[in-house]
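Please read all numbers here as calculations on a predicted model, not as lab measurements. The sequence lines fix the lettering, A, B, ..., with proteins before strands; numbering per chain opens at 1.
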Amino acid sequence: MSARETYLLDRCKLEDSHTLAVYRANGGYKALEKVLKGGMGWAEVIEEVKASGLRGRGGAGFPTGLKWSFMPDPAKDPRTRYMAVNADESEPGTCKDRVLLREDPHGLVEGCLIAAYAMRLDAVYIYVRGEYRKPYDRVQAAIDEARAAGLVGANVMGTDFSCEIHMHKGAGAYICGEETGLMESLEGKRGHPRPKPPFPAGFGLWGQPTTVNNVESIFNVPFILDRGAQWFRSLGTEASPGNFLCGISGHVAKPGVYEVALGTPARQILDELAGGVWKGRQLKAWFPGGSSTGLLPASLIDTPMDHDSIKGIGSMFGTGAMIMLDETACTVRASQVLARFYDHESCGQCSQCREGTQWLHQIFRRIEEGRGTMADIDNLERLARGMAPGKTICALADAAAIPTLAALKHFRHELVEHVERGCCPFKKGGASAAPAAAEVHA
Amino acid sequence: MAFPEKLRAELEQLCTKYPDRKAGLIPALHRCQEELGGWISPEIMEACAEFFGMEPVEVYGVASFYPMFKLKPTGKHVIGVCHNISCDLRGADDVIEHVCKRTGAPVGGNSPDGKFTVEVLECQGACANAPMFDLDGTYHEDLTPEKIDAILGGLS
Ligand SMILES: Cc1cc2nc3c(=O)[nH]c(=O)nc-3n(C[C@H](O)[C@H](O)[C@H](O)COP(=O)(O)O)c2cc1C
Ligand code: SF4
Ligand code: FES
């Protein structure tokens, strides 16, 4: 993988990469200058982002330029316009936005400014998960520096373009990463996702037109404007251009956040960047893109990491966060840990999700502890099919149900083995550390 | 309870970021928790309700939704160990056991001397540096038993 072209993490490797001085010395704010002073119209900026084929890095892979074009025409709709940058990063396994926020915050600020120009926004809010204290402080400091340099606020770079960027701190709830949950939370309420339609471009923050984008998506924008859509398309695949940040964790020798071109085979990322499976062991299973994407068997590890290829094997690219399980890991245990997570994080508005996540958690726990029955295994499937797809207000129910179905499809034999033996065949001793909650019974 | 003047001024300033003052509630609760004793007491909720023109129960509804807000007094040091998938795969259970043993605090509770609170957390976005815990708002990553001992041993 020697000839890989990188750009996302290049600056992060420099000392004081988070400061304006280093950012500027390495081409920072050049794209903004080109846009504002080079006579680019807002429509041209959107066209360039569209032409680049950039797809959202927050999980759904929606084309960013297309999303921007959904914002209503201000000539016909004079309401206040916002963007919310999604820095809630809470999908288990995902740890990439944190690197950008902490090490290269000006890249995000510049991206926000270009997005604001293109969508003719009044203000941008960056919603950072509350636990990310240092990343939050770094981005706030970058905004302050940029403001002092005339890059944020009124008359950016002496032009008539003005834009405010505000930081906002969340308080630790996964559901606030869902775009409408995020908006409710930003308004000071519980993070209850809203039914859609109406979509955010029509009715977003405080009922005004709003676009929600992930940190890494926005971070790509200055590179696209600076180097051009054609350059961007020279990386990655036809349907998924560009590089992405791959957080790889679990049972690997060198876990980390690596920059790779979309379409790079998962095995290559595992072996060449993450140093292979740790302790000389074999791979048993892996998640391609965060916990919501479902466990895959080791036999599928040659699949290219891009949206279409991963969809082709019945999973999802998600956040591109690979989680690796070696031969000693228990897939039932992994399913139980995640079922517990979704049970904990369900906001409770939809009965299928509120009840379903609770049942999935309890059944997986029962099976993992050796108390499960064959009927439990069938019930997992019935429950999961009742929860998804698209049966609830938001996709959290799908995120809980789809991995359950994937575990049943690829690793049913491990569930059966737990039931037949009456214990976990992989346990090294000790029950789950989770405080046992009272079980519900039908 | 009334907010100390400096904090009140800061909260006023914070609300100017938003077209609707109420959007300042969650950042305000953070500042209150940081400045006023480490947890959101009923008195803080009442003061916030007054400040934002809400009912106390509305403030409670928001505060209780978010795991970062503590609704009970905590120990002097709060240790939150991540027990989600990437950390679980790299020994989060052992970390939890070790931390509980060293501090004397049970999972979800305080140590008898009131010095520690230990809790388990969902994914903290540090998965590539698992296992990890958050100690009083700072992440400690790539934990080993020796590293945990060194960190906890250095606390007063
Ligand atoms: C339950 C749930 C949690 C989510 N969490 C995040 C998150 O933490 N960060 C993120 O960027 N997107 C998250 N998303 C996806 C967002 O809803 C949204 O699609 C994304 O922020 C859009 O940005 P993008 O188009 O730039 O990817 C989540 C979605 C769901 C259903
Ligand atoms: S699917 Fe679950 S998390 Fe999403 S709105 Fe419904 S109850 Fe809440
Ligand atoms: S799983 Fe522990 S930090 Fe992500």
Between [options], which shows the greatest number of heavy-atom pairs under 4.5 Å with chain B?
options: A/Lys254, A/Lys134, A/Lys96, A/Met167; value: A/Met167
options: A/Cys330, A/Gly247, A/Ala334, A/Ser185; value: A/Ser185
options: A/His192, A/Glu164, A/Glu89, A/His251; value: A/His251

Review point. In terms of heavy-atom pairs under 4.5 Å, which option from B/Gly61, B/Ser64, B/Gly108 contacts chain A the most?
Key: B/Gly61
Revision key, fill the gap. Greatest number of non-hydrogen atom pairs under 4.5 angstrom with chain A, of B/Gly80, B/Cys123, B/Pro27, B/Pro106, falls to B/Cys123
Check your understanding: Heavy atoms, side chains only, cut-off 4.5 Å: are A/Leu296 and A/Phe287 in contact?
Key -> no
Using heavy-atom distances under 4.5 Å, tell me whether [X] contacts chain B through its side chain, its backbone, both, or neither.
X: A/Thr328; value: neither
X: A/Leu205; value: neither
X: A/Arg190; value: both
X: A/Glu187; value: backbone
X: A/Ile248; value: backbone
X: A/Tyr258; value: neither

Review point. When you check the gap from the basic side-chain N to the acidic O, do B/Asp149 and B/Arg102 get nearer than 4.0 Å?
Key: yes
Practice item. Inspect the contact between A/Lys427 and A/Glu368 and indicate whether a charged nitrogen and a carboxylate oxygen are less than 4.0 angstrom apart. Key: yes
Check your understanding: Honestly, is A/Arg133 close enough over A/Tyr136, meaning NZ or CZ under 6.0 Å from the six-membered ring centre and within 45° of the axis?
Key -> no
Practice item. Compute both the distance and the angle, then confirm whether A/Lys169 meets the cation-pi test with A/Tyr127: under 6.0 Å from the six-membered ring centre, within 45 degrees of the axis. Key: no
Is the distance between the ring centroids of [X] and [Y] less than 6.0 Å?
X: A/Tyr174; Y: A/His344; value: no
X: A/Trp206; Y: A/Tyr82; value: yes
X: A/His168; Y: A/Tyr125; value: no

Between [X] and chain A, which part of the residue has a heavy atom less than 4.5 Å away: side chain, backbone, both or neither?
X: B/Ala126; result: both
X: B/Phe52; result: neither
X: B/Asp88; result: side chain

Review point. Just checking, is any N or O donor in the side chain of A/Asn86 or A/Asn214 under 3.5 Å from an acceptor N or O on the other one?
Key: no
